[in-house]
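Below: the structure, in structure tokens.
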Amino acid sequence: QRIEIYNTFITSVNQLLPMLKTSPSFTKIMTTLFRFTMDSFKLTVTQRLELDEAIESIDKETKQEIKSSPDPALIKAQAELIIAQARQTEAEVARLKVQAEIELNRTKENRESRVKEVEFEIERQKKYA
């Protein structure tokens, strides 16, 4: 019966492992239940110490993983900054596009003006030739 309880517990832990990595309070509950399950077996002092060390190690790793995961507020702020930069870039592109159109129109006007000057000069030279 103890073995069945242990096997059931291990199966449950494997299924709940993703949750254990995200919630330190849930990890605490699971380690307490694991200790309770293991207390039903006769353990030597050495086995008990090793078990306690392993559980403490799991607790520390879980807390470290949670601390090292980015803060949702930080992620949101970074996303908002990226969106603002994208909008700024869009505005800059629009400004450059307008500037390019103005320059193109200016170039066309200058070319047309130059063509008219050349045509005028040709007509003038025809009159004096």
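All values below come from the heavy atoms of this structure, side chains included, with hydrogens, waters and symmetry mates left out.
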Starting at CG of Leu96, measure out to CD of Glu101 and round the result to the nearest 0.5 Å.
11.5 Å
Quick one: CG on Asn110 to CD on Glu103, what's the gap to the nearest 0.5 Å?
8.5 Å
Taken to the nearest 0.5 Å, the spacing of Leu81 CG from Gln88 CD works out to 9.5 Å
Counting only N and O atoms by type, is there a donor-acceptor contact under 3.5 Å from the side chain of Thr89 to the main-chain atoms of Gln85?
yes
Pairing residues for Val98 by the side chain to side chain contact (heavy atoms under 4.5 Å, CB included) criterion, not counting sequence neighbours
Ile102
Rounded to the nearest 0.5 Å, what separation is found between the CZ atom of Arg124 and the CD atom of Glu117?
12.0 Å
As an exercise, state the distance from NZ of Lys116 to CD of Glu123, rounded to the nearest 0.5 Å.
14.0 Å
Looking at side-chain heavy atoms only, is the closest gap between Leu51 and Arg48 below 4.5 Å?
yes
Between Glu92 and Arg95, is the closest basic N to carboxylate O distance under 4.0 Å?
yes
Nearest 0.5 Å please: distance from the CG atom of Leu104 over to the CD atom of Glu109.
10.0 Å
Side chain to side chain contact (heavy atoms under 4.5 Å, CB included) between Thr46 and Glu50, intermediate numbers included:
CA-CA 6 Å; Thr46 305; Glu50 288 174 356; 3.8 Å; yes
Checking Ser57 side chain against Glu53 main chain: does a donor-acceptor pair fall under 3.5 Å?
no
Working for side chain to side chain donor-acceptor pair (under 3.5 Å), residues Gln125 and Glu121:
CA-CA 6 Å; Gln125 286 180 2; Glu121 187 62 33; 3.3 Å; yes
